[in-house]
*Asks:* 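I have a structure I would like to understand better, so I am pasting it below and will then ask my questions one at a time.
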Amino acid sequence: MDNAGRDWLTPLAQTWHAYERDHQLATHRQLIAAHYRSDMLAMIVRRYRRPFLITAAGAAGMAAVLMIVAILGGAPWIWSLIIGLLIIAGTVSATGVYLSKRPQLLRNTRFRRTIHRLKHTAHFSRLAQTDWAIHNEQQHLFKQPLVMATLQALPANLRNQQAVAGLYVLLWRQQAPTLGQAIAMYQHDPRQVGMSRRDIRQLLYQTKAADESQTL
């Protein structure tokens with residue numbers, strides 16, 4: 001391979017790793033978003049259920065008091081009232097639990113102020129700051145000069161991780177002596193790469209590890 005092809009190996013490898021890191025960070029952000037939403041929903045659910053549970057507890061407490069009166073006073077008619085109160089307590093509690101499981105609960109205007117206040121607590125602020133830091137890192141990945149120059153040298157339809165990996169392999173295996181020829185080969189038939197995605201990933205990680213060991 002002449003220098004025209006060899007000189008593109010490092011830029012293509014760095015660009016591939018930029019895509020790889022971007023995918024990892026995107027997955028991390030999805031996990032943070034899910035964590036944020038589940039924790040917020042759990043807190044809103046507790047607040048939504050509270051009046052139902054307080055009402056149910058009050059009815060159960062009244063039933064307990066009446067039960068003592070019925071036992072001590074021997075008034076059989078009170079038992080029907082006790083049963084009614086227990087049914088009310090169970091129904092109110094179950095209703096609160098059922099309604100709190102609605103997925104649109106976070107969009108309920110009743111909790112707008114509560115959600116706004118929770119967003120500024122330490123827990124949710126930390127999650128938001130972490131998400132913002134990851135977002136900034138993602139933005140920086142493709143602003144690296146070498147990565148920008150590499151992407152600018154590629155046709156728009158090859159500016160993706162799979163195509164970058166294919167071009168790297170074509171040059172690394174000396175199937176194409178120059179980047180231009182590698183691009184032409186890949187556009188004609190990507191199967192000419194002749195390696196699985198798993199093998200390419202392993203190759204690029206091994207190459208990165210070797211490069212890092214040489215710089216130590």
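Excluded from the calculations below are hydrogen atoms, water molecules and symmetry mates; all remaining heavy atoms, backbone and side chain alike, are included.
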*Asks:* So, H17 side chain and L204 main chain: donor-acceptor pair closer than 3.5 Å or not?
*Replies:* yes
*Asks:* Show your working on side-chain contact (heavy atoms from CB on, under 4.5 Å) between I88 and T55 and close with a plain yes or no.
*Replies:* CA-CA 9 Å; I88 291 173; T55 302; 5.8 Å; no
*Asks:* Any side-chain heavy atom of K119 sitting closer than 4.5 Å to one from Y36?
*Replies:* yes
*Asks:* Donor-acceptor pair, Q14 side chain versus L146 backbone, under 3.5 Å?
*Replies:* no
*Asks:* Kindly give the heavy-atom pair with the smallest separation between A13 and Y168, and that separation in Å.
*Replies:* CB-CE1, 3.8 Å
*Asks:* Within this structure, what is the OG1-NE2 distance for the pair T130 and H28, rounded to the nearest 0.5 Å?
*Replies:* 7.0 Å
*Asks:* Tell me the closest heavy-atom pair linking A18 and L141, and the distance in Å.
*Replies:* O-CD1, 3.6 Å
*Asks:* Looking only at heavy atoms, which two atoms of V164 and L158 are closest? And how far apart?
*Replies:* CG2-O, 4.1 Å
*Asks:* Work out which heavy atom in Q181 is nearest to a heavy atom in P177; give both atom names and the distance.
*Replies:* OE1-CG, 2.6 Å
*Asks:* Decide side-chain contact (heavy atoms from CB on, under 4.5 Å) for T178 and L171; before the verdict, give the C-alpha distance in whole Å, the side-chain angles of both, and the deciding distance to 0.1 Å.
*Replies:* CA-CA 7 Å; T178 65; L171 292 172; 5.7 Å; no
*Asks:* Can you check whether N157's main-chain N or O pairs, donor with acceptor, with N160's side chain at less than 3.5 Å?
*Replies:* yes
*Asks:* Exactly one of R201, M195, R197 should register a side-chain contact (heavy atoms from CB on, under 4.5 Å) with D199. Which one does?
*Replies:* M195
*Asks:* Identify the two heavy atoms, one from M148 and one from F142, that lie closest to each other, and give their separation to 0.1 Å.
*Replies:* CG-O, 3.0 Å
*Asks:* Is W8 close to W172 at the side-chain level, that is, under 4.5 Å between some pair of heavy atoms?
*Replies:* no
*Asks:* Got more than 12 heavy atoms from elsewhere within 6.0 Å of CE, M62?
*Replies:* no
*Asks:* Evaluate the side-chain hydrogen bond (donor to acceptor under 3.5 Å, both in side chains) criterion for residues Q175 and Q192: first the C-alpha distance (whole Å), next the side-chain angles of each, then the deciding distance (0.1 Å), finally the verdict.
*Replies:* CA-CA 9 Å; Q175 292 175 252; Q192 293 185 77; 5.8 Å; no
*Asks:* May I ask you to check whether over 12 heavy atoms, not counting those of R112, lie within 6.0 Å of atom CZ?
*Replies:* no
*Asks:* Are any of the side-chain heavy atoms of Q138 and R21 separated by less than 4.5 Å?
*Replies:* no
*Asks:* Given the rule that I, L, V, M, F, W and Y join up when any side-chain heavy atoms are under 4.5 Å apart, are L53 and I44 in one cluster?
*Replies:* no
*Asks:* With no hydrogens and no angle check, is any side-chain donor or acceptor of T15 less than 3.5 Å from a backbone partner on P11?
*Replies:* yes
*Asks:* For A176 and M185, which heavy atoms make the closest approach, and how far apart are they?
*Replies:* CB-SD, 3.8 Å
*Asks:* Taking T27 for its side chain and H23 for its backbone only, find out whether a donor-acceptor pair lies under 3.5 Å.
*Replies:* yes
*Asks:* Mind checking whether H123 and H35 have ring centres under 6.0 Å apart?
*Replies:* yes
*Asks:* With rounding to the nearest 0.5 Å, note down the distance linking CD in Q139 to CG in D22.
*Replies:* 9.0 Å
*Asks:* Do the side chain of Y19 and the main chain of R159 share a donor and acceptor less than 3.5 angstrom apart?
*Replies:* yes
*Asks:* With rounding to the nearest 0.5 angstrom, report the CG to CD distance, D131 to Q30.
*Replies:* 11.0 Å
*Asks:* What verdict does the side-chain contact (heavy atoms from CB on, under 4.5 Å) test give for I115 and M40, after you've listed the backbone C-alpha separation in whole Å, the side-chain angles of each residue and the deciding distance to 0.1 Å?
*Replies:* CA-CA 8 Å; I115 292 172; M40 182 68 74; 4.2 Å; yes
*Asks:* Mind checking whether Y48 and M43 have side chains closer than 4.5 Å, heavy atoms only?
*Replies:* no
*Asks:* Hey, what do you get for CD (Q161) to CD1 (I200), rounding to the nearest 0.5 Å?
*Replies:* 10.0 Å
*Asks:* Roughly how far, to the nearest 0.5 Å, is the CG atom of L25 from the CG atom of N136?
*Replies:* 11.0 Å
*Asks:* Can you tell me how far apart CG (L118) and CZ (R47) are? Round to the nearest 0.5 Å.
*Replies:* 5.0 Å
*Asks:* For the residue pair L167 and L154, establish whether any side-chain heavy-atom pair is separated by less than 4.5 Å.
*Replies:* yes
